[in-house]
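Notes follow once the structure below has been shown.
Whatever order the structure lists ligands and atoms in, that order sets their numbers, starting from 1. Keep in mind it's a predicted model, so treat the numbers as computed, not measured.
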Amino acid sequence: MNEFRNDAPQLSADEKLNLLVEFGARISNELRLDKLLDIIAQQISRMLNVGRCTIYLKDTERNELWSKIAQGRGLEHTEIRLPLDGTSTVAVVARTGEIINLANAYEDERFSMAVDMVTDFHTHTMLAVPLKNNSGKVLGVFQVANKADGTTFNKKDEGILLLLATLAASSIEIAKLYQDVHVSQLETIYRLAVTAEYRDQQDTRTHLKNVSIISYLLALALGMNKKEAELIKNASPLHDIGKVALADNILLKPGRLTPEEFEIMKSHTVYGGRILEGAHSKVLQVAHKMSLYHHEKWNGAGYPKNLKGEDIPIEARILTIADVFDALCVSRRYKKAWKTDEAYQYILDEAGKAFDPRIVAAFKKIYSSVRKLYVNQTPQGPQAPAAPAAPAAPAFSAAENK
Ligand code: C2E
Ligand code: SIN
Ligand code: SIN
Ligand code: FE
């Protein structure tokens, strides 16, 4: 959210100095990139008293500039992307490292109205300066529009905006780095999860994605905050990690498992628990609870520990509904896919038995969204795995198997 519209009155020089001090203090404490850009845009709008401040950052991989801009007050932020090699003024600033100052944007052929169109804004005066790091590399562009007093941006405004950009550059770089580390951690987790499920299912990615989206929606519907819900979302792909420890003759068995084989299958929860035990990161701690307890049942009839009710960690109680719903909706080596609405009915029927009734109630609320995940997924049989030793079996009947 790196755009801010301003209604603040004109500030005195003293107030501006205070803002400058506050600016430095506030931005040095913020590691989350979105929040940081938001704060910067807010402060700049107040200090320069402009109608809008937008921060564009370079995405070198995609050769684009991006920003998040609100579509009207209080609405969701939309990501705007402009080609770095394009003709927009901000792209020119990013390429050349020069300042562009327009007295009347719409009359200047360098200005592209595309962004104004989607954000319902009318740029009159506009100033764009490069955001450079210590070594002079351009990281992006700070753009302000519409001075409150209606005048054109002057040399002093250019100096202030450049100064603020210089002050903000290192905080932005650090936050970007922090975000990259976070993203690569999530990517590692996800790839590990794919590895664990790969032998078993060929549609791993869809399965992991759906389970994680459903878990996330459930967490939000239960009133958890976005941060907690995101932990659950990010941890959920690892719930079956313990399956890596199972032998092929069990994991890949076409058709029903014998009771003895099912006993061994159950141990995937215990293995998962061991693999993730003592983890330091929050996301792996949540994954630990999920992998160990995702087959526990609300009435105590689950495994591996026969935990009951709220003794089962909430993360596992959430995950189990997402996991079972998705398992029912797709075909497995041992069963055909159920119809989405049949799977839904099963979840409702198991309230108070397998599942926490409160979470089943939350599932009811989100079901219309969940259903959309499956409408375009025509049920299909498991594809033949790479190793021909374990041919895909004809799916068994969809009848209850336990
Ligand atoms: P999975 O295939 O990912 O299924 C996860 C859970 O979804 C199951 O946990 C069960 O609670 C639910 N589920 C899946 N299919 C059905 C179904 O047709 N009917 C009902 N009522 N529930 C279903 P569960 O039973 O503890 O099984 C854990 C894992 O054990 C399964 O994960 C699967 O990998 C394996 N498994 C279970 N039964 C069989 C089987 O008969 N044959 C084979 N080859 N594997 C099985
Ligand atoms: C431009 O700078 O030419 C377009 C970007 C904007 O409207 O903010
Ligand atoms: C707006 O906030 O969208 C109005 C600004 C303008 O049209 O100058
Ligand atoms: Fe499992």
Side-chain angles (χ1 to χ4, degrees), residues 193-194 196-204 206-212 214-215 235-273 275-276 287-299 301-307 312 315-340 342-351 353-355 360 363 379 381-382 385 390-402:
V194 170
E197 301 235 348
Y198 194 76
R199 272 195 306 155
D200 188 11
Q201 290 156 226
Q202 302 303 302
D203 62 342
T204 326
T206 319
H207 164 66
L208 293 179
K209 194 186 93 221
N210 287 346
V211 170
S212 107
I214 297 170
S215 306
S236 67
L238 284 177
H239 70 274
D240 267 342
I241 187 79
K243 282 185 176 172
V244 291
L246 297 178
D248 282 1
N249 67 336
I250 305 243
L251 185 67
L252 304 183
K253 182 179 178 178
R256 299 277 301 266
L257 296 173
T258 66
E260 296 75 29
E261 288 167 338
F262 191 60
E263 281 310 307
I264 298 174
M265 171 59 81
K266 286 176 172 179
S267 68
H268 78 279
T269 52
V270 177
Y271 286 125
I275 291 170
L276 295 165
H288 171 256
K289 291 186 210 166
M290 285 177 167
S291 62
L292 184 53
Y293 299 120
H294 72 281
H295 287 292
E296 298 289 358
K297 293 186 175 176
W298 182 253
N299 63 7
Y303 59 89
K305 298 203 173 157
N306 301 106
L307 293 188
I312 308 164
E315 297 90 340
R317 278 182 272 144
I318 290 174
L319 189 275
T320 190
I321 293 183
D323 184 38
V324 171
F325 180 78
D326 185 74
L328 292 176
C329 288
V330 298
S331 59
R332 292 275 201 259
R333 283 189 165 73
Y334 64 96
K335 60 167 275 286
K336 276 190 192 150
W338 292 23
K339 290 201 178 73
T340 313
E342 288 168 2
Y344 175 59
Q345 193 53 51
Y346 180 82
I347 301 293
L348 299 190
D349 292 344
E350 287 290 315
K353 295 183 223 162
F355 308 131
V360 172
F363 190 75
F396 268 46
S397 84
E400 291 298 285
N401 63 337
K402 49 208 65 99

So is [X] polar-close to ligand 1, meaning N/O to N/O under 3.5 Å?
| X | value |
| --- | --- |
| Tyr334 | yes |
| Asp240 | no |
| Leu257 | yes |
| Lys243 | yes |
| Lys335 | no |

Under-4.0 Å heavy-atom contact with ligand 1, by part of [X] that carries it:
| X | answer |
| --- | --- |
| His295 | side chain |
| Leu252 | neither |
| Arg333 | neither |

Under 4.0 Å from a heavy atom of [X]: give me the atoms of ligand 1 that qualify, with their elements.
| X | result |
| --- | --- |
| Trp338 | 18 (O), 19 (N) |
| Lys253 | 44 (N) |
| Tyr303 | 24 (P), 26 (O), 27 (O), 28 (C) |
| Tyr346 | 21 (N) |
| Arg332 | 1 (P), 2 (O), 3 (O) |
| Ala327 | 4 (O), 5 (C), 7 (O), 14 (C) |

Could you state the interatomic distance from [atom1] ([X]) to [atom2] ([Y]), rounded to the nearest 0.5 Å?
| X | Y | atom1 | atom2 | value |
| --- | --- | --- | --- | --- |
| Lys289 | Leu292 | NZ | CG | 11.0 Å |
| Leu319 | His239 | CG | NE2 | 5.5 Å |
| Ile264 | Leu257 | CD1 | CG | 9.5 Å |
| Ile347 | Ile321 | CD1 | CD1 | 6.0 Å |
| Thr269 | His294 | OG1 | NE2 | 7.0 Å |
| Lys353 | Asn299 | NZ | CG | 9.0 Å |

> Would you say Gly255 touches ligand 1, if touching means a heavy atom closer than 4.0 Å?
Replying inline: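 It does; at least one heavy atom falls under 4.0 Å.
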>> If you take the centroid of each ring, where Trp contributes its six-membered ring, are Phe363 and Phe355 closer together than 6.0 Å?
In response: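 They do not qualify: ring centres at least 6.0 Å apart.
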Can you confirm whether [X] is buried at [atom1], in the sense that more than 12 heavy atoms of other residues, nucleotides or ligands lie under 6.0 Å from that atom?
| X | atom1 | result |
| --- | --- | --- |
| Tyr271 | OH | no |
| Lys339 | NZ | no |
| Lys253 | NZ | yes |

> Can you find a pair of side-chain heavy atoms, one from Ser267 and one from Leu246, that are under 4.5 Å apart?
Replying inline: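 Answer yes - side chains close enough.
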> In chain order, what residues pass the ring pair (Phe, Tyr, Trp, His ring centres under 6.0 Å) check against His288, with sequence neighbours excluded?
Replying inline: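 Here no residue qualifies.
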> Should the ring pair Tyr346 and Trp338 be called parallel, tilted or perpendicular, given that the plane angle runs from 0 to 90° and is split at 30 and 60?
Replying inline: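 The arrangement is perpendicular - the two ring planes meet at more than 60°.
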>> So, at under 2.8 Å, which protein N, O or S atoms would a careful student list around the Fe ion (ligand 4)?
In response: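 Listed by chain and number, the atoms are Asp240 OD1, His268 NE2, His294 NE2, His295 NE2.
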